[in-house]
Amino acid sequence: MKMNMYKWVEETIAAPKKKAMPVLTFPSIQKMGVTVKDLVNSADLQAEGIIKIAELTDAAAAVSYMDLSIEAEAFGSTINFSDDEVPTVTGSIVDDEDAADELEVPEVGAGRTSLNIEAIRKAAEKINDRPVFAGVIGPFSLAGRLLNVFETMYYIVDEPDMVHKVLEKTTEFLINYCKAYKEAGANGVVIAEPLAGLLSADPAEEFSAQYMRKIVEAVQDEEFLIVYHNCGNSAVHTVDTIKSNGCKVFHFGNAIDMRDLMPKMPSDVLVLGNIDPSGAFRNGTPEAIYEQTTKLMQDLCPQYPNFVISSGCDIPPLAPWENIDSFFKAVADYYK
């Protein structure tokens with residue numbers, strides 16, 4: 001369903017009662033009786049899961065799967081699949097300047113990208129009461145998976161030109177990928193850039209923010225939003241590079257305290273976060289997550305109308321639904 005997403009942001013900020021917007025997708029496997037491996041390899045199951053979550057929860061938007069292996073797989077990376085964990089990238093495919101030069105930008109549709117685009121197309125046709133956001137990895141985080149995440153932190157110091165060559169190619173692919181999601185009917189994408197959350201301000205600008213701006217400038221408009229996700233512990237210190245990337249919605253992980261971040265963010269953008277997906281949703285109790293959710297909302301909602309409660313990152317596949325339900329109950333009770 002097409003809608004004016006700039007207006008959606010404005011109306012959400014202005015609304016006296018706001019709906020939660022957690023990154024809630026993979027726990028749909030529990031409702032469908034399938035494995036994560038089944039899910040990530042089937043467009044039909046992915047669409048069914050997104051639709052089911054929308055039916056079960058009163059979330060502000062339907063958000064697709066934060067599977068950060070998909071784009072690396074399209075470039076040729078090796079992926080490990082599991083029945084109950086999100087897929088992961090192993091090894092690297094770029095380890096020197098020659099490999100960076102020879103790296104080819106894949107066509108959109110390579111690997112499992114075609115499945116995910118089709119899943120969003122099918123979900124967007126059925127969900128008509130809220131926006132539908134696809135999921136995409138960020139340019140620096142994708143480059144890190146192609147170069148090896150650990151080695152990348154050395155390469156940005158010792159081999160910056162090589163990293164930039166890879167970044168130009170990951171950015172080109174991600175622009176095309178986002179455009180394909182737009183054509184499929186998505187109202188936007190959540191771009192996850194976790195690796196940037198390990199950088200200090202100058203490298204964050206050089207290796208992430210400037211490439212994020214290219215993506216935003218190429219694809220964001222009134223009908224299609226870029227939601228920026230950063231779950232690193234440096235986000236508060238690199239916030240100037242983050243808030244200048246052109247996005248209108250920002251999502252932060254639980255490695256930071258939202259109370260420290262909110263005063264630094266513009267009042268005309270949505271800022272989402274950040275209940276611990278592992279400690280609270282996966283391993284906590286319904287009582288604990290209710291208390292944590294209520295406390296964060298009490299601390300931030302009265303002072304910051306642009307704050308929307310969310311999970312800190314993607315909620316794990318086996319997070320108990322009792323905890324998820326308790327989170328939504330806390331939100332509903334707060335606004336009573």
(request) Classify the side-chain pair Ser69/Asp67 by whether it contains a donor and acceptor separated by less than 3.5 Å. (result) yes
(request) Given salt bridge (charged side-chain N to carboxylate O under 4.0 Å, His left out), test Glu71 with Arg145 step by step and report yes or no. (result) CA-CA 9 Å; Glu71 297 86 351; Arg145 279 155 177 77; over 6 Å; no
(request) Given side chain to side chain contact (heavy atoms under 4.5 Å, CB included), test Phe307 with Lys18 step by step and report yes or no. (result) CA-CA 9 Å; Phe307 172 72; Lys18 305 184 199 306; over 6 Å; no
From [X] [atom1] over to [Y] [atom2], what is the distance, rounded to the nearest 0.5 angstrom?
| X | Y | atom1 | atom2 | result |
| --- | --- | --- | --- | --- |
| Thr152 | Leu147 | OG1 | CG | 4.5 Å |
| Leu45 | Leu39 | CG | CG | 6.0 Å |
| Asn148 | Ile93 | CG | CD1 | 11.5 Å |
| Glu223 | Asn4 | CD | CG | 7.5 Å |
| Asn323 | Thr285 | CG | OG1 | 6.5 Å |

Donor-acceptor pair, side chain of [X] and main chain of [Y], under 3.5 angstrom:
| X | Y | value |
| --- | --- | --- |
| Asn306 | Val269 | yes |
| Asn230 | Phe252 | no |
| Tyr65 | Gln46 | yes |
| Lys31 | Gly49 | no |
| Thr170 | Pro139 | yes |
| Asn254 | Ile275 | no |
| Ser234 | His237 | no |
| Gln220 | Ile226 | yes |
| Lys52 | Ile29 | no |
| Asn274 | Ile256 | yes |

(message) Tell me whether Val157 shares a hydrophobic cluster with Phe140, the cluster being built from Ile, Leu, Val, Met, Phe, Trp, Tyr side chains joined at under 4.5 Å.
(response) yes
(request) Decide whether Leu68 and Leu115 are clustered together by the hydrophobic rule: side chain heavy atoms of Ile, Leu, Val, Met, Phe, Trp, Tyr closer than 4.5 Å, transitively. (result) no
Under 4.0 Å between a Lys/Arg side-chain N and an Asp/Glu carboxylate O for [X] and [Y]?
| X | Y | result |
| --- | --- | --- |
| Lys7 | Glu10 | no |
| Asp299 | Lys295 | yes |
| Glu168 | Lys214 | yes |

(request) Could you note down all residue pairs passing salt bridge (Lys or Arg N to Asp or Glu O under 4.0 Å) where residues 183-209 supplies at least one of them, sequence neighbours left out? (result) Glu205-Arg213
Can you confirm whether [X] is buried at [atom1], in the sense that more than 12 heavy atoms of other residues, nucleotides or ligands lie under 6.0 Å from that atom?
| X | atom1 | answer |
| --- | --- | --- |
| Glu291 | CD | no |
| Tyr154 | OH | no |
| Gln30 | CD | yes |

Sub-4.5 Å side-chain heavy-atom contact between [X] and [Y]:
| X | Y | answer |
| --- | --- | --- |
| Ser42 | Glu48 | no |
| Ser92 | Glu151 | no |
| Val108 | Tyr181 | no |
| Pro263 | Tyr304 | yes |

(request) Measure the acute angle between the ring planes of Phe207 and His164, then classify it against the limits of 30° and 60° as parallel, tilted or perpendicular. (result) parallel
(request) Would you sort out whether Arg121 and Glu118 count as a salt bridge (charged side-chain N to carboxylate O under 4.0 Å, His left out), showing the intermediate values? (result) CA-CA 5 Å; Arg121 187 187 312 279; Glu118 184 60 21; 3.3 Å; yes
(message) Do Lys248 and Tyr6 form a cation-pi contact, if we require the NZ or CZ to be under 6.0 Å from the six-membered ring centre and within 45 degrees of the ring's axis?
(response) yes
